[in-house]
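Here is the structure we will look at.
Residue numbering restarts at 1 for every chain, and letters A, B, ... go by the order of the sequence lines.
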There are 2 protein chains.
Amino acid sequence: MGSRASDLRLLMIDKPESLKTHQWVYQLLRNNLLCGRIEPGVALTIRGLAEILDVSPMPVREALHRLACEGAVEVKNNRRVIVPRMTAEKFAELCDLRILLETHAAEGALPHITDSDIAELERLDARIDQAVDQHDVDDIALCNQDFHRYLYCANPNQISLPLIESLWLQLGPFSRIAISKLEKVYLVDRHVEALDALKQRNRPGLRRAIEADIRDGIASIRNVDGIHDYFRGVA
Amino acid sequence: MGSRASDLRLLMIDKPESLKTHQWVYQLLRNNLLCGRIEPGVALTIRGLAEILDVSPMPVREALHRLACEGAVEVKNNRRVIVPRMTAEKFAELCDLRILLETHAAEGALPHITDSDIAELERLDARIDQAVDQHDVDDIALCNQDFHRYLYCANPNQISLPLIESLWLQLGPFSRIAISKLEKVYLVDRHVEALDALKQRNRPGLRRAIEADIRDGIASIRNVDGIHDYFRGVA
DNA sequence: TAAAATAAAATGTGATCACAACCGCGCGGG
DNA sequence: CCCGCGCGGTTGTGATCACATTTTATTTTA
C-alpha cells in the first residue's frame with residue numbers, strides 16, 4: 001500500500017532569505033510534486049517532513065494544508081495526508097479542464113504579448129529542449145510549466161493561473177511517467193507552433209497549439225506500457 | 001480606506017461537534033464572504049477574529065491561510081490580510097471563467113442526474129424563491145450556490161468544483177450588490193430552464209440555461225446605479 | 001496457529017509564548 | 001505649518017507543549 005515518507009528523495013532547494021519558512025517548504029514540496037518525485041500513495045506526515053527539512057512542524061503544517069486545499073495532497077478522514085491516487089476518469093477530466101482553462105488563458109494573454117515576451121518565451125522553450133537533451137526529468141516538467149506560466153501571466157488581469165496550477169499539481173505525480181517516455185516518442189514541438197501563432201497574433205492558431213500541446217502529453221501517457229497499473233494504485 | 005475588522009457583523013453558525021475548530025472558522029468566514037457580509041477593503045486580523053469567535057489564534061490562522069490560497073482574501077506584501085477590491089477587468093474575467101467552468105461542470109453532471117436528483121434540485125430552487133420572497137439577502141446567495149453545487153456534484157468524478165468555488169469566493173463580496181437589486185428586476189428563472197433541460201437530457205439547453213443564469217447575475221450588477229464606485233475601492 | 005485484546009508509539013490539533021517587522025501616534029526640527 | 005524621527009502597541013510567524021485520536025506492535029487467548 002502506501003509507501004513510507006522516509007524513503008523520500010526530495011529535490012532540495014536553498015531557502016532564500018526573502019522567503020518565509022512556510023513559503024519555502026511549500027515551494028519545495030510543490031516542486032517535488034510537480035515533477036513527480038513524490039509518487040501517488042505516499043503518506044506525508046508533518047513531523048516527518050519537519051525532520052527531513054530541519055524546521056519546526058509549524059511551517060510544514062501550513063504548507064501541507066495549502067497543498068491540500070489546492071488538491072495536491074488529500075487529507076483522509078482519519079487525518080492522514082497522502083498523495084492522491086489517479087483514476088482514468090479523474091485523469092481525463094483533469095486534461096479536459098487543462099484544455100478549457102489554458103486555451104482561455106492563452107487567448108487572454110495574446111493581446112498583451114510584446115516582442116520581448118516572445119523572446120523570453122523562446123528562451124524558456126530552449127531551456128526545455130536543453131533539459132530534454134540532458135534527460136533531466138525534473139527540469140523538463142518544471143521548465144515546461146515555466147513556459148506556460150510566463151505566457152498566461154502576460155495578461156495583467158490573470159485570474160485563471162491559480163486554477164491552472166492546481167490542475168498541474170494534481171497531474172504532477174503522473175507527469176514523470178509521461179516525460180520519461182518523452183525521449184523516445186518526441187513529437188512535434190507544439191511550443192514552436194504556439195510561438196508562431198503569437199508572432200502572427202493568430203488567436204485560433206494559438207488555441208490549437210496549446211490544445212495540441214496538452215493533448216500530446218495525454219497521448220504520450222496513454223501509450224505507456226502498463227499505464228493502467230498506475231491508475232487506482234499500484235496494486 | 002480599509003475598514004476595521006471590529007465593525008464586522010458576522011453571520012454566526014453553531015459549531016457542530018464533528019467539525020474541527022479550524023474547519024468551523026473556515027466555513028463561517030467563507031459563508032460570510034460568499035454572501036457579501038464582509039466588504040472589499042476590510043482588513044482581517046488573526047487575533048481580532050480569534051477574539052470575535054472566541055477561539056485561539058491558531059485555527060483562525062489556518063482558516064485565513066486557506067481562504068488566501070483560494071483567492072478569497074489577499075495577503076499584502078506587508079503581510080496584512082484584506083478582502084480584495086474588485087476591478088472591472090477582474091470582474092469580467094471572473095464571469096468568463098464561471099461560464100467556462102460551470103457549463104462544463106453541468107454538462108459533465110448531466111449523464112449522472114437521476115429523478116431524485118431533479119426532485120432535490122427543485123426543492124433547492126424552491127428555497128431560493130422562498131429566500132427571495134423574504135428578501136433574505138444572505139440566504140439567496142447561499143441557497144443559489146447550494147443549487148449549483150448539488151448539480152455539479154452529481155458527477156462522481158468532479159474536479160472542477162473547487163475551482164468554481166474559488167470563483168464564487170472571489171465574486172462573493174460583490175454578490176450582495178447584485179442580490180439587493182434582484183428583488184426589483186427579477187428576471188426569467190433560469191433554474192427552471194436548467195431543470196427542464198435536465199429532465200429532457202438536453203445538453204445544449206442545459207449549457208444555455210447555466211450560461212444565461214450567470215449572465216443574468218452579471219447584467220443585474222452592471223445595471224446597479226453607481227456600480228463603478230465599487231470598482232477599485234469605495235474611495 | 002490465528003484472531004482478539006492490550007500496550008506503546010506516532011500523529012494532527014490547538015494553545016501559549018517569544019520575537020521581529022510593521023503601523024499609528026506624538027514629539028521635535030525645519 | 002509641515003515633514004521627518006522615534007516610541008509603544010499590534011500583527012504575523014515560528015517554536016514548544018499538552019492532549020485526544022489513531023496507528024502499529026506486542027501480548028494474550030481460544
Side-chain angles (χ1 to χ4, degrees), chain A residues 1-8 14-30 38 41-70 72-84 233, chain B residues 1-8 14-30 38 41-70 72-84 233:
Chain A
M1 261 289 282
S3 316
R4 299 288 174 172
S6 49
D7 46 66
L8 273 182
D14 286 339
K15 171 172 176 292
E17 203 56 42
S18 59
L19 280 185
K20 307 274 179 187
T21 308
H22 68 96
Q23 295 171 325
W24 172 68
V25 174
Y26 167 76
Q27 288 196 4
L28 191 147
L29 291 176
R30 175 199 155 86
I38 308 182
V42 173
L44 301 175
T45 66
I46 294 178
R47 286 178 170 88
L49 289 171
E51 192 170 3
I52 292 176
L53 301 178
D54 194 38
V55 295
S56 97
M58 189 68 54
V60 178
R61 193 202 297 195
E62 289 198 24
L64 229 42
H65 279 137
R66 175 160 180 195
L67 290 169
C69 109
E70 291 175 315
V73 300
E74 184 182 355
V75 180
K76 310 287 286 188
N77 43 4
N78 313 348
R79 77 187 178 184
R80 190 143 208 158
V81 176
I82 69 163
V83 181
Chain B
M1 263 287 285
S3 318
R4 297 287 172 174
S6 50
D7 45 67
L8 273 182
D14 286 339
K15 171 173 176 290
E17 203 56 42
S18 60
L19 281 184
K20 306 273 179 190
T21 307
H22 67 94
Q23 295 171 325
W24 172 69
V25 174
Y26 168 76
Q27 289 195 5
L28 191 146
L29 291 177
R30 176 198 153 85
I38 308 183
V42 172
L44 301 175
T45 66
I46 294 178
R47 286 177 171 87
L49 289 171
E51 192 171 2
I52 292 176
L53 302 177
D54 194 38
V55 296
S56 96
M58 187 71 50
V60 177
R61 193 201 297 196
E62 289 197 24
L64 229 41
H65 279 136
R66 177 161 178 195
L67 290 169
C69 111
E70 290 175 317
V73 300
E74 184 183 354
V75 179
K76 309 288 286 188
N77 43 4
N78 311 350
R79 75 190 180 182
R80 192 148 205 152
V81 177
I82 68 162
V83 181

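- Applying the side chain to side chain contact (heavy atoms under 4.5 Å, CB included) test between Leu49(A) and each of Val25(A), Val55(A), Val60(A) identifies Val60(A) as the sole match.
- The distance between atom CG of Leu49(B) and atom C1' of dT10(D), rounded to the nearest whole Å, is 15 Å.
- The side chain to side chain contact (heavy atoms under 4.5 Å, CB included) search around Glu51(B) returns none, not counting sequence neighbours.
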Tabulate atom names and distances for all N/O pairs under 3.5 angstrom spanning the protein and nucleotides 13-18 of chain C.
| residue | atom | partner | partner atom | Å |
| --- | --- | --- | --- | --- |
| dT13(C) | OP2 | His65(A) | NE2 | 3.2 |
| dG14(C) | OP1 | Thr21(B) | N | 2.6 |
| dG14(C) | OP1 | Thr21(B) | OG1 | 3.2 |
| dG14(C) | OP1 | His22(B) | N | 3.4 |
| dG14(C) | N7 | Arg61(A) | NH1 | 3.0 |
| dG14(C) | N7 | Arg61(A) | NH2 | 3.2 |
| dG14(C) | O6 | Arg61(A) | NH2 | 3.0 |
| dA15(C) | OP2 | Ser56(B) | N | 3.1 |
| dA15(C) | OP2 | Ser56(B) | OG | 2.1 |
| dA15(C) | O5' | Ser56(B) | OG | 3.3 |

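- Atom CZ in Arg80(A) sits about 11 Å away from atom C1' in dG12(C), given to the nearest Å.
- Glu70(B) pairs by the side chain to side chain contact (heavy atoms under 4.5 Å, CB included) definition with Cys69(A), Tyr26(B), Arg66(B), Leu67(B), Leu169(B), not counting sequence neighbours.
- The shortest side-chain heavy-atom distance between Arg61(A) and Met58(B) falls under the 4.5 Å cut-off.
- Put simply, the side chain of Val81(A) does not reach to within 4.5 Å of the side chain of Ile46(A), judged on heavy atoms.
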